[in-house]
Amino acid sequence: MIENQVKDFDAVVIGAGFSGLYMLYRLREAGYSTRVIEAGDGVGGVWYWNRYPGAKCDIESIYYNYTFSKELYQEWNWTSKYPEQKEILSYLNYVADKFNLRKDIQFDTRINAAHYDEVSCRWKIQMNDGTSVTAKFFISGVGCLSATNVPNFKGLENFKGDWYHTGKWPQEKVDFRGKRVGVIGNGSSGVQAIPEIAKEAGHLTVFQRTPQYTIPARNYLYDPSFIQQTKENYEEIKRIMHGSPTGNGIQIRNVSALEESPEERSKVYEEAWQEGGFAFTSTYNDLFTNEEANKTAADFIRAKIKEIVNNPETAKKLLPDYFFGTKRPILDTGYYETYNRGNVTLVDVKNDPIVEITPNGLRTMAEEYELDILLFATGYDGMTGPLFNIDIRGRDGVTLKEKWEGGAAVRTYLGLGTAGFPNFFMITGPESPSVLVNMPTAIEQHVDWIADCIEYLTQNSLDTLEPTREAEEEWSRHCREVAEMTLYVKTDSWYTGANIKGKPRSFLIYLGGFVYYKQKCNEVSASGYDGFVLSSRMTLQ
């Protein structure tokens with residue numbers, strides 16, 4: 001624990017998840033004094049908090065890890081194709097122990113404010129425990145999905161039962177046995193949790209606002225010989241991860257869905273459905289850019305829902321009517337089948353809205369439901385929410401929220417920095433590929449770029465770096481133009497901020513592909529950081 005006095009560091013990093021751990025490793029290896037500030041009492045980031053039943057990753061485990069250390073890759077053994085939360089958390093704890101990272105992490109602490117001081121060219125950072133530190137570099141590793149969203153339902157404070165949010169799950173096991181359980185929301189966390197809770201609950205009522213397209217994961221345990229093979233092919237796997245459009249092993253067929261006959265297309269979709277995972281999203285190259293092509297995939301999944309769900313009325317409620325994949329694509333294990341259970345009820349709250357939480361349950365316009373436990377699987381205030389939760393102020397005392405107009409005018413350069421905020425870096429920030437590529441791959445690329453940038457500044461006796469307004473305007477415009485070429489912007493989702501009441505609509509994920517993005521970042525650094533203003537304190541005085 002830091003004593004109750006100001007301390008000076010070269011860098012302060014927010015969060016001890018994938019981003020913060022690797023950022024700490026890189027900077028410390030380079031000789032920079034670094035402090036990571038973490039709200040939880042352990043490492044793991046999103047995988048520390050997301051302990052809900054059924055929580056697992058939807059990226060194959062052999063790709064969902066670091067590649068910076070061959071030794072680390074050789075030592076760790078994944079047990080299944082899609083790793084569960086506990087295994088990912090164990091992996092990150094193993095990383096923290098292997099590289100002795102904990103000694104530079106301050107746990108159980110939140111950053112309340114970070115203000116840039118133009119005189120000293122340092123960030124003054126205040127914590128919720130009364131301590132404060134200063135740093136030359138302030139680096140966000142908060143991720144895109146760490147600000148939980150609990151809708152402001154009337155009467156929640158009067159609920160006599162227990163309630164939880166999937167994104168802040170308790171460490172101890174929640175006992176659902178024989179209980180009347182209500183789940184509000186059926187995004188990724190809801191789709192994963194609902195089948196598991198249904199196995200245990202006395203009765204489960206799912207309050208659905210928007211139905212989801214989900215694809216069977218078809219998870220399975222790895223054969224030890226396969227794991228050994230991946231270790232032997234470490235260099236090739238690393239090359240695939242860092243050289244593919246999505247940062248993992250998925251290869252998209254270079255064929256339009258409209259080029260093949262309905263019979264051929266149906267066969268391709270069926271084979272992908274049986275294979276499971278994101279094989280389905282990689283069947284055709286125009287599923288996310290062509291409405292007619294997208295409809296072929298959407299129709300196939302809608303037919304599957306009708307085939308799986310026994311009750312026609314329930315199946316009808318579960319049929320999505322928006323473009324497939326333009327909300328977060330979801331992998332499931334027995335999700336649709338869960339609605340065939342006798343102890344599960346589906347309530348369509350778009351047609352029968354929730355009015356209030358009552359002391360004994362929940363009331364919609366048409367009916368009241370008695371509940372012992374209430375779960376919010378209502379997701380996050382994505383992309384900007386985690387950053388806006390901290391009072392971050394750049395030049396002239398302007399807050400990040402003010403500069404970005406509460407999310408209505410987000411402007412970054414490469415998702416790495418923003419004008420007016422010197423030496424402030426964002427790992428997988430808004431307008432980077434972030435959540436639509438394999439996150440560990442994106443994180444490693446960002447961390448390496450930031451660490452190399454800091455080393456460049458040091459070697460050239462430079463004190464500050466920040467994007468020019470012209471560069472960030474051009475990059476933001478490019479991001480919007482690429483997004484407008486896709487179907488993503490035609491659907492309300494957390495990608496666009498539509499899940500948060502009153503949040504300005506925008507699409508803050510770069511869709512040009514990881515390979516092009518990485519190439520652009522490399523060109524910027526190779527040019528001496530074109531698009532950034534670099535200066536020393538002498539030139540500022």
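Predicted model, so just to flag it, every value in this text is computed and none were measured. Heavy atoms only: backbone and side chains are in, while hydrogens, waters and symmetry mates are out.
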Fill in: Heavy-atom side-chain contact between Thr246 and Phe514 under 4.5 Å
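Thr246 does not reach Phe514 side chain to side chain.
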Practice prompt. For residues Phe99 and Tyr94, determine if any side-chain heavy atom of one lies less than 4.5 Å from a side-chain heavy atom of the other.
Written response: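 A side-chain contact is absent here, since even the closest heavy-atom pair is not under 4.5 Å.
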Taking the inter-plane angle between the rings of [X] and [Y] on a 0 to 90° scale, is it parallel (under 30°), tilted (30 to 60°) or perpendicular (over 60°)?
X	Y	value
Tyr22	Tyr25	parallel
Phe280	Phe324	perpendicular
Trp76	Tyr91	perpendicular

Under 3.5 Å: donor-acceptor pair, side chain of [X], backbone of [Y]:
X	Y	result
Thr418	Arg411	yes
Asn423	Asp463	yes
Ser244	Asn248	yes
Glu431	Thr412	yes
Lys56	Tyr82	no

Point-to-point distance, once rounded to the nearest 0.5 Å, from [atom1] of [X] to [atom2] of [Y]:
X	Y	atom1	atom2	value
Ser188	Gln212	OG	CD	8.5 Å
Lys81	Asp58	NZ	CG	11.5 Å
Ser61	Asn219	OG	CG	8.5 Å
Phe421	Trp123	CZ	CH2	6.0 Å

In a check of side-chain contact (heavy atoms from CB on, under 4.5 Å) between [X] and each of [options], which one passes?
X	options	answer
Val36	Leu24, Leu101, Leu21	Leu24
Leu331	Ile215, Ile59, Thr214, Val191	Ile215
Thr399	Ile390, Ile392, Asp391	Asp391

Tell me whether [X] is salt-bridged to [Y], with the criterion being a basic N under 4.0 Å from an acidic carboxylate O.
X	Y	answer
Arg26	Asp452	yes
Glu38	Arg110	no
Lys403	Glu472	yes
Glu402	Arg393	no
Asp10	Arg28	no
Glu474	Arg477	no

Discussion item. Could you check whether Arg253 makes a cation-pi contact with Tyr284, meaning its NZ or CZ is under 6.0 Å from the centre of the six-membered ring and within 45° of the ring axis?
Written reply: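 Yes, Arg253 sits over the ring of Tyr284.
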Item to complete: Examine Lys136 relative to Phe9 and say whether NZ or CZ is less than 6.0 Å from the centre of the six-membered ring and inside a 45° cone about the ring axis.
Response: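 Because its charged atom misses either the 6.0 Å distance or the 45° angle limit, Lys136 does not stack over Phe9.
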